[in-house]
Chemist: 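One structure is given below, represented as structure tokens, and several questions about it will come after.
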Amino acid sequence: MPYAKVPELKMPLPGPKAKAAIAADHEYISTSYTRGYPFVMARGSGLAAEDIDGNVFLDLTAGIAVNATGHAHPRIVEAVRRAAEQFMHMSGTDFYYPVQAELAKMLAARTQGGPRRVFFANSGAEANECAMKLARWYTKRPYLISFRGSFHGRTFGAMSLGCSKAIHRNHYAPLVPSVLHANYPYAFRAAPHLDTPEKVGLDALDYIENTILKREVQAEEVAGIFVEPIQGEGGYVVPPDNFLPGLRKLCDKHGILLIFDEVQSGMGRTGKFWAHEHWGVQADIITSAKGIASGLPLGAVIARKEIMTWPPGSHASTFGGNPVACAAAVETLKLLDEGLIQNAADVGKHLLEKLKALAATSNHIGEVRGKGLMVGVEIVKSKAGKEKDGELRNLVEDTAFHRGMLILGCGENTIRFCPSLTISKAEAEKGVELFALALQDAAKKLGR
Ligand code: PLP
């Protein structure tokens, strides 16, 4: 049911039911989670998220960039209900059911660069595990390259690719060997002599070609390069325009597979179906999850057809490609086609403009960047010094919550805006207004 008023706070936060739920959580749930503020979800509709005390929030997180179609979209709810009434599981590994191939065909049709095959997993990490294995299996080469600042998931392979926060790896070594890390081009924080985005992009490419492939490993030993077309957990970093085309050329030259991790950036979020389309490049392998099924767990690996020819038994999953999740994904893709990708482009542009206008008036915003509805705001101590201000960023998140808005951070000092693709211009404007107030309150509290 849509809400008449969003946000609507009815009591000081957290309310009594939220307090009790959090106490139970703290008693029984793993201590490894990273909850920033005490939001306890009860139900939602579109961009409105209601907590268990009846407070209604404007949700600009989409559950970490997952609820592509908003909370409880009636068509997704109906698709899930219909599928669940038929059967909830049969394992696509050992049996057939048509919705898997239907969804795979839809994903292949939306991916440029020739025929594709799809493997279904349950999450982004699992999709990346599959892509790691496939790249090694196809090329018969052992090494993989990924980027500093990247995040690919929590399983051992995906964690070994990732390189965004040391806590993700602390005490888990030994990790999967033969993974090398290159520098992701991050123009806002590049060395002073790299004073144009082009130079930043070329420098990142040069490091791979002339340092990694000369000093650390020979190109003939490298199976694949994993890259996020826009770096997500690392801080919503948009690469310079020459970077992905340059990477494509480098991979072609050396017979290395180019693997785009589109787990966060894909499914229309950036205003194109896949984010890498912004740069006119094509992937050998794409990994996807998050928004693909509007919140049901599903991952997908979309590979060039000639790459995904591994023999029966070489990779599989009991739950991957669950029929209910696939049905939700089919309906999600239809909704994306019917206008949500265009909406992400249009409202995303509006959101970016509004945030840039705010940045012009604030000494605490170092940079606003993004594409479509994948927008990052980097929080700094001062515009001139660009010093990262993670403390202020964290307090902005908390203060926004107390003003009725859910937002999340990423990287050391960035706030990300990754709302559902159904967001209206009015909701985006409300979000910027609440963010501006939260930033003002938080800066004042810290004496910035
Ligand atoms: N890849 C990227 C780019 C991500 O942003 C994430 C999650 O944030 C993952 C992979 C891991 O996905 P999951 O948490 O579904 O395993």
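When reading the values below, keep in mind they use all heavy atoms of this one structure, side chains included, and skip hydrogens, waters and symmetry mates. For ligands, and for the atoms within them, numbers begin at 1 and follow the listed sequence. Quick caveat, the model's predicted, so the values are computed rather than measured.
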Chemist: Aromatic rings Phe151 and His168: how do their planes relate, parallel, tilted or perpendicular, breaks at 30° and 60°?
Modeler: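 If you compare the ring of Phe151 with that of His168, the planes turn out perpendicular.
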Chemist: Hey, are the side chains of Ile302 and Ile285 touching, using non-hydrogen atoms and a 4.5 Å cut-off?
Modeler: no
Chemist: Is it true that Arg248 and Asp284 have a side-chain N and a carboxylate O under 4.0 angstrom from each other?
Modeler: yes
Chemist: Within a distance under 4.0 Å of any heavy atom of Asp261, pick out the atoms of ligand 1 and give their elements.
Modeler: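 Within the 4.0 Å cut-off of Asp261, ligand 1 contributes 1 (N), 2 (C), 3 (C), 10 (C).
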Chemist: I need the nearest protein heavy-atom contact for atom 12 (O) of ligand 1: residue, atom name and distance, please.
Modeler: Gly124 CA, 3.4 Å
Chemist: By number and element, which atoms of ligand 1 are closer than 4.0 Å to a non-hydrogen atom of Ala125?
Modeler: 11 (C), 12 (O), 13 (P), 16 (O)
Chemist: Looking at Lys349, I want to see if its NZ is surrounded by more than 12 non-hydrogen atoms of other residues, nucleotides or ligands under 6.0 Å.
Modeler: no
Chemist: Relative to atom 3 (C) of ligand 1, which among Glu126, Glu129, Glu228 owns the nearest non-hydrogen atom?
Modeler: Glu228
Chemist: Using 30° and 60° as the class boundaries, would you call the ring planes of Phe39 and Phe57 parallel, tilted or perpendicular?
Modeler: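 The arrangement is perpendicular - the two ring planes meet at more than 60°.
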Chemist: My question is simple, although I want it checked carefully: is atom 14 (O) of ligand 1 less than 4.0 angstrom from any protein heavy atom?
Modeler: no
Chemist: Does the distance from a Lys or Arg side-chain N to an Asp or Glu carboxylate O, for Lys105 and Glu102, drop under 4.0 Å?
Modeler: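 No, no charged N to carboxylate O under 4.0 Å.
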Chemist: What atoms of ligand 1 come closer than 4.0 angstrom to any heavy atom of Ser123?
Modeler: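 Near Ser123, meaning under 4.0 Å from one of its heavy atoms, ligand 1 has 15 (O), 16 (O).
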Chemist: For Glu233, is there an ion pair with Arg416 - N to carboxylate O distance below 4.0 angstrom?
Modeler: yes
Chemist: Would you mind running through ligand 1 and noting each atom that sits below 4.0 Å from a heavy atom of Asn128?
Modeler: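 Atoms satisfying the 4.0 Å criterion: 1 (N), 10 (C).
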Chemist: Would you indicate which of Lys290, Arg154, Met159 comes nearest to atom 8 (O) of ligand 1 when only heavy atoms are counted?
Modeler: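 Of the listed residues, Lys290 has the closest heavy atom.
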Chemist: Quick one: look up the protein heavy atom nearest atom 9 (C) of ligand 1 and list residue, atom name and how far away it is.
Modeler: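 Among all protein heavy atoms, the one nearest atom 9 (C) of ligand 1 is Val263 CG1, 3.7 Å.
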Chemist: Checking a contact table here: which protein heavy atom is nearest atom 2 (C) of ligand 1, and how many Å away?
Modeler: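 Going atom by atom, the protein heavy atom closest to atom 2 (C) of ligand 1 ends up being Phe151 O, 3.3 Å.
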Chemist: If we check ring pair (Phe, Tyr, Trp, His ring centres under 6.0 Å) with Phe243, which of these qualifies: Tyr207, Phe147, Tyr186?
Modeler: Phe147
Chemist: Please say whether Gly153 places an N or O atom under 3.5 Å from an N or O atom belonging to ligand 1.
Modeler: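 There is no such contact.
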Chemist: Ligand 1 and Ala289, any nitrogen or oxygen pair closer than 3.5 angstrom?
Modeler: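 It does not: no N or O of Ala289 is found under 3.5 Å from an N or O of ligand 1.
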Chemist: Tell me: protein heavy atom nearest atom 5 (O) of ligand 1, and distance?
Modeler: Gln264 NE2, 2.8 Å
Chemist: Would Lys140 count as a cation-pi partner of Trp137, with NZ or CZ less than 6.0 Å from the six-membered ring centre and within 45° of the ring normal?
Modeler: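 That pair qualifies as a cation-pi contact.
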